[in-house]
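Here is the structure we will look at, set down as structure tokens.
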Amino acid sequence: MPAAAIVDQLAVRLSATLGSGGVSRGDDVLRAHGSDESWHPPAPPDIVVFPASVDEVVAVVSACRETGTPIVPFGAGTSLEGHIAALQGGVCVDLTRMNRILRVDVGDMDVTVEAGVTRKQLEARLLPEGVFFPVDPGADATIGGMVGTRASGTTAVRYGTMRENVVALTVVTAQGRILRTGSRARKSSAGYDLTRLFVGSEGTLGIVVEATLRIFPTPEAISAAVCSFPSVDAAVACVVDTIQIGIPMARIELLDEIEMDAVNRRSGLAYPVAPTLFLELHGSESGVAEQSAAAAEIAAEHGGSDFAWATTQEERTRLWHARHEGYEAVLALRPGTRGYVTDVCVPISRLAECMAETRRDIEEAGLFGPIVGHVGDGNFHVTFLVDPDADDEIRRVEEVTERMVRRAIEFGGTCTGEHGVGYGKTRYLELEHGDEAVQAMRSIKDALDPAGLMNPGKVLP
């Protein structure tokens, strides 16, 4: 924690650089920038700065380096593992004013944006061009935050995650230097892949200030559907068969019966309260029609009810809006509670087993935890609703989460498919990767951030 005198001097220096509107020490602002959407307790910074350019970020980092002050990058604050908690105080670098879309190139199918551009902002800009950016984590996250957590979401089964869709980055390093990784070429064999190093680094190696991203042509035809099943096992078996037969699903989402009840209530829908798949197909008119028929046939073989198809833009928007509001819908089932959200990812051949054992753990612990999954990737999430004042309840949630994570790793999976490590899952890193791999990660961290100022306490145990 920086000494009060250092914080005062740093605030004066940063105000001279960024202007009075570029620096805040107000209690409400500090509190908001020390809290994300997770269950982790708030950890506010000492100062929040709002740079508007790469040069201003460089100036902030340089000042923090000279004074030994921790630096925590901040996007939209929608992360789920305490990524933006200022565990050692310091300066929070809020990048939301760096929100320019710098270049859209439909010919080369890429776009360059500043880190503070949000997903929906980019979507609106690309729509008239007949193209789109596919990574959709649900929340209106910033691109910089999505790079930091290696975000994915509902469309990853077809289009990949941020790992596959980031072409190049501009990063301000811990030394206050500007580093550009990669080029706009679609492939390269030149040197280490620094772009992938920073994708998923959660602000611990530098501050991402610009990103060049892949974009895709808007499909000629899009068809979405909802189909309920007699059990989670049946729904997952349907997904496995659909993938194995080669149907190119754009989205395959599974909601358990509790989640479906919540979604129905919030969005005014009337789907059966049963394990349910939300699906979407992209392609030509004839291709989508053929694939839809094949998917419906596979679903019927596993006891799936008749598909409720949504082919118009309005119907699809309503459907996916309901899916994306699943978190808020679940919170409404138990007013006064907080969401303790966690995720794991396993090979899809082990998905049904992993979900079933997790559901059994939840019930035996007497907890309330609906399950939703990006099942085409083997990734699922549990939203535990907990009384923040009930220590015993939180302890039971932590125990179930521990078993869930260890089971996923035992099954050949990972402790987190898309939420990231933050500081909530650092203790599982060695279990998953082994000591040698963690030491290699630590060596990279020490080389790029020798003073340990970049988002300290995150990722590495």
Side-chain angles (χ1 to χ4, degrees), residues 38 78-81 83 134-139 141 146-165 196 199-202 232-233 235-240 242-244 249-256 259 275 277-278 323 326-327 340-359 361-362 369-384 400-422 424-434 437-438 441 459:
S38 75
T78 56
S79 54
L80 291 163
E81 286 294 349
H83 299 83
V135 183
D136 177 9
M146 290 167 65
V147 170
T149 57
R150 200 185 294 123
S152 56
T154 60
T155 60
V157 64
R158 170 134 184 200
Y159 297 100
T161 70
M162 291 299 282
R163 181 181 63 187
E164 290 77 33
N165 289 289
R196 299 297 174 273
V199 175
S201 63
E202 301 184 14
V232 168
D233 285 1
V236 173
C238 173
V239 170
V240 172
T242 300
I243 292 173
Q244 288 180 342
M249 287 289 179
R251 310 190 206 214
I252 316 179
E253 299 288 293
L254 172 61
L255 284 67
D256 73 2
E259 188 90 23
L277 291 181
F278 284 41
R323 161 64 186 91
Y327 178 65
Y340 181 128
V341 189
T342 190
D343 83 313
V344 295
C345 189
V346 296
I348 59 172
S349 63
R350 306 300 299 271
L351 179 61
E353 181 182 3
C354 194
M355 291 178 71
E357 293 191 19
T358 299
R359 168 57 63 202
D361 284 346
I362 294 169
I371 295 177
V372 60
H374 309 311
V375 286
D377 318 318
N379 182 205
F380 72 94
H381 312 251
V382 180
T383 302
F384 295 100
V400 171
T401 300
E402 174 105 4
R403 288 197 292 274
M404 174 179 165
V405 168
R406 289 182 176 274
R407 181 182 301 120
I409 293 172
E410 179 187 341
F411 286 0
T414 175
C415 66
T416 174
E418 62 182 20
H419 291 180
V421 176
K425 287 187 172 177
T426 55
R427 64 186 181 276
Y428 302 121
L429 215 61
E430 187 169 326
L431 177 66
E432 179 172 333
H433 294 289
V438 171
M441 294 180 199
V459 182

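Owing to the predicted nature of the structure, the values given are computational and were not obtained by experimental measurement.
- When all heavy atoms are compared, the tightest approach of Ser79 to His83 is CB-ND1, 3.2 Å.
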* To do: Kindly indicate, with the supporting measurements, whether the criterion side chain to side chain contact (heavy atoms under 4.5 Å, CB included) is fulfilled by Leu431 and Arg406.
  => CA-CA 8 Å; Leu431 177 66; Arg406 289 182 176 274; 3.5 Å; yes

* Val382 and Thr401: side chain to side chain contact (heavy atoms under 4.5 Å, CB included), yes or no, with the steps? -> CA-CA 9 Å; Val382 180; Thr401 300; over 6 Å; no

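- To the nearest 0.5 angstrom, Arg251 atom CZ is 10.5 Å from His374 atom NE2.
- Looking at residues two or more places apart in sequence or on another chain, you find no side-chain hydrogen bond (donor to acceptor under 3.5 Å, both in side chains) involving Thr155.
- For Glu259, the side-chain hydrogen bond (donor to acceptor under 3.5 Å, both in side chains) criterion is met by no residue, not counting sequence neighbours.
- Side-chain atoms of Asn379 never come within 3.5 Å of backbone atoms of Gly373 as a donor-acceptor pair (strictly under, hydrogens ignored).
- With hydrogens and angles ignored, the 3.5 Å screen pairs no side-chain donor or acceptor of Glu202 with any backbone N or O of Val459.
- Asp256 contributes no side-chain N or O that, together with a main-chain N or O of Val232, makes up a donor-acceptor pair within less than 3.5 Å.
- Atom CD1 of residue Ile348 and atom CD1 of residue Ile243 lie 4.0 Å apart, to the nearest 0.5 angstrom.
- Within a 6.0 Å sphere centred on CZ of Arg163, heavy atoms belonging to other residues, nucleotides or ligands number 12 at most.
- For Arg150, there are no side-chain hydrogen bond (donor to acceptor under 3.5 Å, both in side chains) partners, not counting sequence neighbours.
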* Report the C-alpha distance between Phe380 and Leu351 in whole Å, list the side-chain angles of each, state the deciding distance to 0.1 Å, and finish with yes or no for side chain to side chain contact (heavy atoms under 4.5 Å, CB included). => CA-CA 9 Å; Phe380 72 94; Leu351 179 61; 3.6 Å; yes

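- Cys415 contributes atom SG, which lies 10.5 Å from atom CE of Met404 (distance to the nearest 0.5 angstrom).
- When all heavy atoms of Ala250 and Val157 are compared, the pair lying nearest together is O-CG1, 3.4 Å.
- The two atoms that bring Ile409 and Tyr428 nearest to each other are CD1-O, 4.3 Å, heavy atoms only.
- Checking side-chain atoms of Lys425 against main-chain N and O of Thr416 turns up no donor-acceptor pair under 3.5 Å.
- By the 30° and 60° cut-offs, the orientation of the rings of His419 relative to His381 is tilted.
- The two residues Met146 and Pro137 make their nearest non-hydrogen contact at CE-CD, 3.8 Å.
- Judged by distance alone, with hydrogens and angles left aside, the side-chain atoms of Glu418 form a donor-acceptor pair with the main-chain N or O of Gly153 at under 3.5 Å.
- Side-chain contact check for Val346 versus Glu353: every heavy-atom pair is 4.5 Å or farther apart.
- When all heavy atoms of Cys345 and Ala408 are compared, the closest pair comes out as O-CB, 4.5 Å.
- Residues meeting the side chain to side chain contact (heavy atoms under 4.5 Å, CB included) test with Thr383, sequence neighbours left out: Tyr327, Val330, Val341, Leu385.
- Using a 4.5 Å heavy-atom cutoff, the side chains of Val239 and Leu254 are not in contact.
- Geometric assessment of Arg323 against the ring of Phe278 yields a negative cation-pi assignment under the 6.0 Å and 45° thresholds.
- Residues satisfying the side chain to side chain contact (heavy atoms under 4.5 Å, CB included) criterion with Ala237, sequence neighbours excluded, are His302.
- In this structure, CZ in Arg196 is found 7.5 Å from CD in Glu164, a value given to the nearest 0.5 Å.
- Scored by the side-chain hydrogen bond (donor to acceptor under 3.5 Å, both in side chains) test, Thr414 finds Glu432 as partners (sequence neighbours excluded).
- Between Glu410 and Arg350, none of the side-chain N atoms (NZ, or NE/NH1/NH2) sits under 4.0 Å from a carboxylate O, so this pair counts as no salt bridge.
- Taken from SG in Cys238 to CD1 in Ile252, the straight-line distance is 8.0 Å, to the nearest 0.5 Å.
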* Kindly indicate, with the supporting measurements, whether the criterion side chain to side chain contact (heavy atoms under 4.5 Å, CB included) is fulfilled by Glu81 and Ser38. => CA-CA 6 Å; Glu81 286 294 349; Ser38 75; 5.8 Å; no

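- Looking only at side-chain heavy atoms (C-beta outward), Asp136 and Tyr159 stay at 4.5 Å or farther from each other.
- The CE atom of Met249 lies 5.0 Å from the OG1 atom of Thr242; values are rounded to the nearest 0.5 Å.
- No side-chain donor-acceptor contact under 3.5 Å links Thr154 and Glu253.
- When all heavy atoms are compared, the tightest approach of Val135 to Ser152 is CG1-O, 3.5 Å.
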